[in-house]
There are 2 protein chains.
Amino acid sequence: MKLFSPITIHGLTLANRLCVPAMVTRLSGEDGFVNEEIVRRYSAFARGEAGLVVVEAMAVHRSKSGPLLRICGDEFKPGLRELRRKMAEAGPSRVAPQIIHFLKISRSGWRQKVSDLSIAEIRQIAADYAQAAVRARDCGFDAVELHMAHAYTLSSFLSKLNGRRDDYGGSLENRLRLPLEVLEGVRRAVGSDFCVGVRFDAEECIKGGYTSEESRVIAWRLAQGGADYLSLSAGGKFEDAQPRPGEPLYPYTGYSGERTMPGANHPDGANLPMVAAVKQFLRERGCQTPVLASGKISTPELAEKVLLSGTADLIGMARPLLADPMWPRKVREGHFDRVIRCCYANVCKAKDEHFQTVTCFLWPKGATQAPLSEDQEAPCWPQGAGLDASIRQGRVTLSWRQATDNEAVYGYDVWRGEGGELRRIAAVPAGLLAYHDATVVCGVRYEYEVKAYDLAGNRSISSNRVCVQA
Amino acid sequence: MKLFSPITIHGLTLANRLCVPAMVTRLSGEDGFVNEEIVRRYSAFARGEAGLVVVEAMAVHRSKSGPLLRICGDEFKPGLRELRRKMAEAGPSRVAPQIIHFLKISRSGWRQKVSDLSIAEIRQIAADYAQAAVRARDCGFDAVELHMAHAYTLSSFLSKLNGRRDDYGGSLENRLRLPLEVLEGVRRAVGSDFCVGVRFDAEECIKGGYTSEESRVIAWRLAQGGADYLSLSAGGKFEDAQPRPGEPLYPYTGYSGERTMPGANHPDGANLPMVAAVKQFLRERGCQTPVLASGKISTPELAEKVLLSGTADLIGMARPLLADPMWPRKVREGHFDRVIRCCYANVCKAKDEHFQTVTCFLWPKGATQAPLSEDQEAPCWPQGAGLDASIRQGRVTLSWRQATDNEAVYGYDVWRGEGGELRRIAAVPAGLLAYHDATVVCGVRYEYEVKAYDLAGNRSISSNRVCVQA
């Protein structure tokens, strides 16, 4: 599989094309230091053998915020170095911290805009990025990723809604000015032999925002400016964030935030058309900079298709690897059937929106990390699965009996077909023995099966198959 | 060209695949009667030979609204019959009125939701649609189109945000219930030999809304339910509309409204991926119902590509045919070079948002209709074009001399290249002799040319070519 072929990016070789994009965890304290839970979270990804693990955004400056890692001073270096060391012990992944600058925001609803910044403050942002990147290199990281996506400072400069009227706003080239200055400053500071990536929005997904019409040009300029890879996200903006009483405005709460982490209502690979547009534009100009696609890519089949079609060179999987950090190793060993599969219920996203520790709702209740098990024994149905289905008002209710396992039953996969092959449509945590399917329509005969899985992802045999005429 | 091949839809043969989707004009009064300006607007489309002209949404009920056509009583039939008759005099287009039911809304910010409706009110909606459809047939229209898109009643039933908890909400099949009842009632009322189309959203483009994951199933159910063609739009919802003091909430003012009428910041064919998903789903199920794609399709090349690739069977062009209703005839005769080309500045959309008469900003100042001319003589540059370019802060400023014409110079096309072929990037009304291009980036050499065009679309020779190193 191309997914498991190595790729060399500016001298840095990744063992495979699977990357964990930066994902907020809220596991760190407000002090910004690496702690044990952070080490455990990222060591799991390394153990799972993702080609590149991007560590969650860490601040390049000392501005106040909630729980957030920091890389804004040398006091943070021992913890970061230890994180890298522990990850190396756990597995072969390459590791890059994502470094971020954000503007001020208050619970009153006020938020600082890029148009409020003085030229001195703008220069400081570039200086902060450069120093943070040097710290990243010093701590043994393999690369650094500059956060230019979503609602944060550099993304707000790139935005079509950048309201500055000087050299840093108005025209596309002016909007690119600070991001390019940051990139240039980072490159100068870390030297020519260090890999520097950029993550930015391929589409803002807000009214008046930019789309691939401009992001493809932005991508090209960033590549010209020295970005070694381009990681494409979408949305995540303040402009359409939903205000919540007593909480600061949070950029992933609106429609654009849904596009950053498309949920079950979105098609697989929801953001691929814009990725394809960006990559085509680059290649037409002879620019070979690798492009990373993300956004609801969760199966080896889709990932491989994206790579083979040339849509992207790298695959970002955040939620699927949160659900099961062992995804890469299991799939490489031919065992996608043992992967704990994300069902895009977006409970992780909801937790983040409510400023709670980000965990996966498939994990055992109360767990702060994905469970670890090397068990080989699959769950079974001691009394038969007893899968039963009833339909009422366009809603199929499935229920089944409990499975058992030598360790613990972790959950159940629900599969559905319409006469042909069955597709997995949902995952249900172990505590529940029922599922409601409200997407059936009249005139179709649906078939359902359920499989139980354990902590290691071993699957039971399929339940009995039930048919429902909707 | 496939674009100019006929298609027969439920016994109704269109001469070509070009359709004018329903477009608000605000030319009618609040009385709801057809007037002279309405007749002129639609006769122009018939003269231009679009295969199908869908007349702007007309209300099936008597609920209060601003300027809006009505088909809610027999008193409206003479005007509608006259409209159809005048259109037949003007040209060969087939004509379908779009019929609409909308919920109540007040300037106070309150708006009625589908969850507020009683079962009796729901039955009345279906009855109103059936009676309106019969009136449409009686008036000599060739088909009727049921409006199930955007922020209106039937779309709000289809919506994933439909908040009803009875048979008409919750599950997908329940959300489909009223739309299918309306379709069934209309079919029963108009008989089996009349063409009934449906326009609905392929994607809601709002948080928690449906995407092609569901719209493909909706499309299939509507086709099963008797829809003869499926016209796909996107967005246009109340949920993300931007409130404006003293004005009722208007559904095209937010991001989802931008997706309904994607402007210059969006790529061409912005909504095609979801159309492709819908059509593929239908065809996989052996359903051959024609699918109409719309949303920034403006060139014969793109339209043809959409048809040949099988993405859609019909092409909706609203803004391009507002700019030049003669588009179909000119292109059929091999003269795309004489088309007055929409530049997606969305001034028409802004006018609609501010409850003004919808006109095209390329039209001569003050015109309420597209100009008509059969002139053959092209404009010329009596003193040379004198195209000049300067660059400052990532913004190229172009200026040129006035062209002259035997009738009148209508406007100027601006063309740009980057070493290869030049592409038209903007249109400028005749009063202006300058253009600002804020999308250039450093490191690229841009070439510009300008052409003048007259009321008939005859183009002058190209101006001198200027080069700018950004």
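Letters A, B, ... are given to chains in the order of the sequence lines, protein chains preceding strands, and every chain is numbered from 1.
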Where do [X] and [Y] come nearest, in terms of heavy atoms and distance?
{"X": "A:Ser171", "Y": "B:Gly394", "answer": "CB-O, 3.0 Å"}
{"X": "A:Glu258", "Y": "B:Ile206", "answer": "OE2-O, 4.0 Å"}
{"X": "A:Gln393", "Y": "B:Asn174", "answer": "OE1-ND2, 3.3 Å"}
{"X": "B:Lys207", "Y": "A:Tyr255", "answer": "N-CD1, 3.4 Å"}

Between chain B and each of [options], count heavy-atom pairs under 4.5 Å; write down the option with the most.
{"options": "A:Leu180, A:Thr253, A:Ile218", "result": "A:Thr253"}
{"options": "A:Cys205, A:Ala277, A:Ala264", "result": "A:Cys205"}
{"options": "A:Pro273, A:Ala438, A:Gly443", "result": "A:Ala438"}

Heavy-atom proximity to chain A below 4.5 Å, by part of [X]:
{"X": "B:Glu418", "result": "side chain"}
{"X": "B:Asp240", "result": "neither"}
{"X": "B:Pro267", "result": "both"}
{"X": "B:Arg285", "result": "side chain"}

Test item: A:Asn265 side-chain N/O and B:Gly209 main-chain N/O as donor-acceptor pair under 3.5 Å: yes
Looking at [X], I want to see if its [atom1] is surrounded by more than 12 non-hydrogen atoms of other residues, nucleotides or ligands under 6.0 Å.
{"X": "B:Gln469", "atom1": "CD", "answer": "yes"}
{"X": "B:Gln288", "atom1": "CD", "answer": "yes"}
{"X": "A:Arg445", "atom1": "CZ", "answer": "no"}

Residue selection (most heavy-atom pairs with chain A, distance under 4.5 Å) from B:Leu172, B:Val444, B:Asp166: B:Leu172
Most heavy-atom pairs under 4.5 Å with chain A, out of B:Arg395, B:Met274, B:His436, B:His266, belong to B:His266
Is there a side-chain contact between B:Leu176 and A:Val441 (heavy atoms, below 4.5 Å)? yes
Part of A:Arg221 within contact of chain B (heavy atom distance under 4.5 Å): side chain
Contact class of A:Arg259 relative to chain B, heavy atoms under 4.5 angstrom: side chain
List in chain and number order the residues that pass salt bridge (charged side-chain N to carboxylate O under 4.0 Å, His left out) with A:Lys160, two or more places apart in sequence or in another chain; answer none if no residue qualifies. A:Glu214
